[in-house]
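Only one structure is covered here, and it is reproduced in the block below.
Just so it is clear, the model here is predicted, and its values are computed rather than measured. By convention in this document, chain letters (A, B, ...) are assigned in the order of the sequence lines, proteins followed by strands, and residues within each chain are numbered from 1. Note: hydrogens, waters and symmetry copies are ignored here, and every other heavy atom, side chains too, is used.
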Number of protein chains: 2
Amino acid sequence: MATIYDVAKAAGVSPKTVSRVLNDDAPVGRTTREAVQDAISRLGYVPSNAARVMRSNRSGLIGLITGAISNTPEAGDPKGLPELYIVQGVQEIFAEEAKTLMISDTGGRSDRVPALVSTFRQHRVEGLIYVADYHRQTRFEVRPGGPPVVLANCYDTIGTPSVLPDDRSCQRSLVARLIEAGHRRIGYLTLGNYMDATGLRIEGYRDAHADAGLSVDPDLILEAYREDHTPMTSALNRLLELPEPPSVICCGNDEMAMRLYGLLRTRGVEVPEEISVAGFDNYRAIAETLFPPLTTVELPYRELGRRAARRLLGIIAKDPPGTDDPVRIPGPVVWRSSVTAR
Amino acid sequence: MATIYDVAKAAGVSPKTVSRVLNDDAPVGRTTREAVQDAISRLGYVPSNAARVMRSNRSGLIGLITGAISNTPEAGDPKGLPELYIVQGVQEIFAEEAKTLMISDTGGRSDRVPALVSTFRQHRVEGLIYVADYHRQTRFEVRPGGPPVVLANCYDTIGTPSVLPDDRSCQRSLVARLIEAGHRRIGYLTLGNYMDATGLRIEGYRDAHADAGLSVDPDLILEAYREDHTPMTSALNRLLELPEPPSVICCGNDEMAMRLYGLLRTRGVEVPEEISVAGFDNYRAIAETLFPPLTTVELPYRELGRRAARRLLGIIAKDPPGTDDPVRIPGPVVWRSSVTAR
DNA sequence: CGATGTACTGACATCGGTGTCATGACATCG
DNA sequence: CGATGTCATGACACCGATGTCAGTACATCG
């Protein structure tokens, strides 16, 4: 493998001059520059980042820790997608900034994290992004003296900068649109109560009611999530048996909505004529393909990744830290024909 | 940031001895070792990979190029998933081997590839894996003198080692199972003819018929794929209007099958009682959640990634090159209730 | 015309590890 | 008992870039 010395010799200049051509950080004569460039391409020279890092201490590397890659334990399971979109947004920003992203996967085992951080530190990453699989609290230990960290899709209690999806405002926007469309009895089959998102979204559901001067009937809100979808049947029964059943049912995610279509049709209930349905996530493979297409709301994960990346760049460049912590990213309602006006 | 000299001084030994403790590559006295380890943790010392690479020339890095991250242009679009599973398999193997994976994304623009390769070469990656978004031919230029390359989910015409999904045997297994279940008229709504996979799968469909001594009715095979799903309606009409309509319909992917459920029900055709349906991909969010759950076949993308990674490790270690090129990975039929016996 | 500034270039030290070689202290062997 | 081998350790050079400093040639200014 050719070195800068080989290039220098071939071009008849000093190594330092080659370095100047490579980095364009000092004036170089026209003919000299061309001779150097010629030698570089003739020799197929590629500079060694390792040597550069040693002297200059800027690695150009950013570390990212995620379970995105292995958190999709089986083919076709969409669980890992949010993380994936976040990674995508992060990648997008760093590609622009000519930083290289090193991605490490926890393999679903958080006890591996310290080892991954240590590897990143060996590579002298300039910063670290930790991406969680779903909106949650976390504890991400970084020793003092380590690189700056930004949390994406999670937060901690010690003030580490973090960027989160705004579950509350998303649910609020969606329910506001339903109310606007004339709905007054809005059922809500939620995700598991153990999830932060569930509480936040119920807040959003309440916010929208409060904004419209409506009271909330707690009987309309039922936890109905499980991997195997079983709780949905009984939850749906309870909603339909209410003295005043809902005219629209919101679901904790689009898969639940897909399931709900089936359950309602089994009971001979037409969607959306008799009962409207709304989802959450805008999981397009489902939301667009279902008939009728599903009204839902999108968590802007890619944007979340972009913001996390910019945040980290700001910290690396020692921008004054904003007071806006955590950053919450709102997302758009996607209106399709699974909801009718009343 | 502490260096190996700081540690040496703190432990009262030479830097070389610290190095020996770190790499465990030569005997070190018990008390000396403990003194060094103590100094390391006291100082929070993390060795510099850059310095290590300079001297030893082993970077411990593997480069991976993919569009997985950005090939999912919109939320919930499953297009990028195969690549993702491949990356996952690759990651799994290299994590075991203590190699660090650098992932670069093409952002969908293949003209960026040379720049990405150049960045990887600057980091002195020991090898490179190129992952394609779907089974296809590709041309991946690496200059001579560059790191070894393995292609995953794609192949070229110049003999670069590659690992591919065995579309043909997958379709063959599926159709064989259908025949075993008593089906004799097997419709097939294929993906686009421009895709390599389509031709291979039709081969597999024929293979299964030939194995069973059945002839193939070409009228049963129709190209029916488009992003907007529109061609499916007319294709289905043509199948149903045949003098002897099919008793089961295979689809090019699980989304098409999901769509087909809807179209059949609109016509009052019961699935699976009147017509059975089979998919392709085992896209679980769909295949498991649909009612009835979908019989399909799984392309083993994660395994494909693992194999590609092991292949590359073999090449790096200069194992004798196997003659088995390209490697084709078969996958299992996943039998669910969307197909009945006849 | 001498002083000053700017463009261009090279010599040399240095970053933080590891490979090579040398050395001293013991243990083992014939 | 001397020869040989193994364990444990250190001295030193070196990997391939870049930061610092200095020097030359030429243009510009007062």
So with a 6.0 Å cut-off around CZ of Arg307(A), is the heavy-atom count from everything else above 12? no
Between the CE atom in Met54(A) and the CE atom in Met54(B), the distance rounded to the nearest 0.5 Å is 5.5 Å
Note: contacts of residues 12-34 of chain B with DNA chain C (heavy atom, under 4.0 Å) are Lys16(B), Ser19(B), Asn23(B)
Euclidean distance, atom [atom1] of residue [X] to atom [atom2] of [N] [Å, nearest integer]:
X         : N       : atom1 : atom2 : result
Leu43(B)  : dG16(C) : CG    : C1'   : 15 Å
Arg58(B)  : dT18(C) : CZ    : C1'   : 10 Å
Arg124(A) : dG17(C) : CZ    : C1'   : 10 Å
His123(B) : dC15(D) : NE2   : P     : 22 Å
Tyr5(B)   : dG10(D) : OH    : P     : 14 Å
Lys9(B)   : dG10(D) : NZ    : P     : 15 Å
Asp6(B)   : dC15(C) : CG    : P     : 11 Å
Ile4(A)   : dG19(D) : CD1   : C1'   : 13 Å

Of Thr138(A), Asp196(A), Asp325(A), the one forming a side-chain hydrogen bond (donor to acceptor under 3.5 Å, both in side chains) with Tyr155(A) is Asp196(A)
For dT28(C), the nucleotide meeting Watson-Crick or G-U wobble distances (both under 3.5 Å) is dA3(D)
Answer for the Watson-Crick or wobble partner of dA7(C), both distances under 3.5 Å, is dT24(D)
**Asked** Is Tyr5(B) close to Val18(B) at the side-chain level, that is, under 4.5 Å between some pair of heavy atoms?
**Response** no
All heavy atoms of Arg42(B) vs all of Ala10(B), minimum pair found to be NH2-CB, 3.8 Å
Smallest heavy-atom separation, Phe140(A) atom then Val117(A) atom, equals CZ-CG2, 3.9 Å
Q | Phosphate-side-chain proximity, Tyr45(B) and dG17(C), N/O vs OP1/OP2 below 4.0 Å | A | yes
### Query
Do the side chain of Arg55(A) and the base of dT14(C) come within less than 3.5 angstrom through a donor-acceptor pair of N or O atoms?
yes
- Under 3.5 Å, is there a donor-acceptor pair between the side chain of Ser162(B) and the main chain of Pro326(B)? no
